[in-house]
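Since the structure comes first, as structure tokens, the remarks are kept for the end.
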Amino acid sequence: MKTETVLEWIDREMVIAIIRGVGPGQILDTARAIKAGGISNMEITFDHGTPEGIGDTLESIRRVKAGLGDQVNVGAGTVLTAEEAELAAEAGAEYMISPGMDPAVIRRTKELGKISIPGALTPTEVCKAWDCGADLVKMFPAGVLGLEYLKAVRGPLRHIPMCAVGGISPENIGLFLDAGIRCFGIGGNLVSVEAVRRGDFHKLTQASIGYRQAVCRWQENGRGER
């Protein structure tokens with residue numbers, strides 16, 4: 001998959017499902033359920049909380065790529081080091097998403113030919129991430145920052161494509177799109193770990209449908225050209 005295709009895919013769907021806390025044993029069913037609801041961009045986050053977490057994350061990426069192939073656009077999340085970017089790329093991740101802005105992670109990601117989506121909070125961090133080669137800058141936590149803050153930051157920095165993560169719902173996603181946000185990372189509101197543990201994968205499909213419908217409504221209202 002070419003890097004241009006990865007960005008086009010993200011642009012088309014606008015939603016990246018954040019899969020956190022799901023082990024390799026349930027990852028494929030989880031990915032299939034999300035895909036069934038119309039979302040094929042998936043961020044599988046690194047688990048730094050357990051000794052086996054890094055290995056489990058890499059195995060999850062490999063299983064989704066093996067099971068669904070080019071039907072999905074898989075990235076790695078919570079990428080904190082250049083080494084993790086390397087390991088994720090080897091496992092099949094096409095983009096690297098981080099909670100913060102580390103120039104070494106951005107540089108290594110680009111050297112690997114992958115898409116870089118670092119996190120930022122302030123205008124200074126947004127500019128530095130962009131100058132280091134980021135393809136998108138993740139505004140995190142968007143729900144805490146608030147829509148007005150994001151609008152204020154985007155004012156002078158509208159040339160920098162931004163992704164919003166945290167606090168985004170089907171009900172408010174249109175407001176963020178109107179503000180110029182390019183795409184969204186959706187975690188617990190879309191990928192319920194409790195539902196996965198119960199085997200209630202239909203709940204994930206329904207949540208995916210809700211977000212896709214919200215984006216499609218916004219596009220159909222003539223606001224999809226930006």
Side-chain angles (χ1 to χ4, degrees), residues 1-3 5-7 9-10 13 15-100 102 104-106 108-119 135-136 138 140 163 165 185-205 207-208:
M1 184 182 292
K2 296 180 180 179
T3 54
T5 304
V6 171
L7 280 176
W9 201 333
I10 292 172
E13 291 188 4
V15 173
I16 301 172
I18 301 173
I19 305 176
R20 180 183 293 111
V22 178
Q26 293 179 300
I27 193 66
L28 193 51
D29 285 336
T30 298
R32 284 174 173 153
I34 295 167
K35 178 69 172 63
I39 294 175
S40 53
N41 297 305
M42 301 178 194
E43 169 195 341
I44 300 175
T45 66
F46 272 107
D47 177 5
H48 297 93
T50 64
E52 65 276 7
I54 300 297
D56 283 350
T57 301
L58 297 171
E59 178 61 20
S60 290
I61 293 172
R62 285 190 288 265
R63 290 191 184 190
V64 171
K65 290 297 292 181
L68 295 176
D70 287 342
Q71 297 179 58
V72 291
N73 189 22
V74 179
T78 319
V79 180
L80 301 183
T81 66
E83 181 185 9
E84 288 176 1
E86 294 169 1
L87 292 171
E90 290 173 3
E94 296 291 346
Y95 47 98
M96 310 298 162
I97 303 179
S98 303
D102 186 332
V105 174
I106 298 171
R108 188 60 185 136
T109 298
K110 299 310 298 177
E111 289 169 357
L112 293 165
K114 305 303 180 182
I115 296 299
S116 173
I117 311 176
D135 296 282
L136 290 164
K138 180 178 83 170
F140 172 78
C163 173
V165 177
I186 312 294
N189 289 341
L190 173 55
V191 189
S192 166
V193 175
E194 289 303 317
V196 171
R197 289 173 180 166
R198 295 195 307 268
D200 184 8
F201 296 103
H202 179 68
K203 182 172 182 178
L204 275 60
T205 299
S208 298

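Remember, predicted model here, so these are calculated numbers, not experimental data.
- Of all the heavy atoms in Cys163 and Gly185, the pair that sits closest is SG-N, 3.9 Å.
- Applying the side-chain hydrogen bond (donor to acceptor under 3.5 Å, both in side chains) test to Ser40 and every residue at least two apart in sequence or in another chain returns Trp9, Glu13.
- Applying the side-chain hydrogen bond (donor to acceptor under 3.5 Å, both in side chains) rule to Arg197 yields the partners Glu194; only residues at least two apart in sequence or on another chain are considered.
- Phe46 is listed as a side-chain neighbour of Leu58, based on a closest heavy-atom distance under 4.5 Å.
- Asn41 CG to Ile16 CD1: the interatomic distance, rounded to the nearest 0.5 Å, is 5.5 Å.
- By the side-chain contact (heavy atoms from CB on, under 4.5 Å) test, Ala104 pairs with Asp102, Arg107, sequence neighbours left out.
- For the side-chain contact (heavy atoms from CB on, under 4.5 Å) test, residues two or more places apart in sequence or in another chain that qualify with Asn189 are Ile186, Tyr211.
- Within the 4.5 Å cutoff, no side-chain heavy atoms of Tyr95 are placed close to those of Leu136.
- Across Ala93 and Ala76, no two heavy atoms sit closer than the pair CB-N, 3.8 Å.
- Side-chain atoms of Met42 and Asn73, non-hydrogen and from C-beta on, never get closer than 4.5 Å to each other.
- Formation of a donor-acceptor pair under 3.5 Å by the Lys138 side chain with backbone atoms of Ser98 is found in this model.
- By the side-chain hydrogen bond (donor to acceptor under 3.5 Å, both in side chains) test, Asp135 pairs with Lys110, sequence neighbours left out.
- Taken from CD1 in Ile106 to CD in Glu111, the straight-line distance is 12.0 Å, to the nearest 0.5 Å.
- Remark: the backbone N or O of Lys114 is not paired with any side-chain donor or acceptor of Thr109 at under 3.5 angstrom.
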In residues 17-31, what donor-acceptor pairs under 3.5 Å come from side-chain atoms, sequence neighbours left out?
residue, atom, partner, partner atom, Å
Gln26, NE2, Val196, O, 2.9
Thr30, OG1, Gln26, O, 2.8

Identify all side-chain donor-acceptor contacts of residues 83-91 below 3.5 Å with residues at least two apart in sequence or on another chain.
residue, atom, partner, partner atom, Å
Glu84, OE1, His48, NE2, 3.2
Glu84, OE1, Leu80, N, 2.8
Glu84, OE2, His48, NE2, 2.8
Glu86, OE2, Arg108, NE, 2.8

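- For residues 46-61, the set of pairs meeting the salt bridge (Lys or Arg N to Asp or Glu O under 4.0 Å) definition, not counting sequence neighbours, comprises Glu59-Arg62, Glu59-Arg63.
- With contacts defined as side-chain heavy-atom distances shorter than 4.5 Å, the pair Leu190/Ile39 qualifies.
- No option in Val105, Thr57, Thr45 other than Val105 meets the side-chain contact (heavy atoms from CB on, under 4.5 Å) test with Val79.
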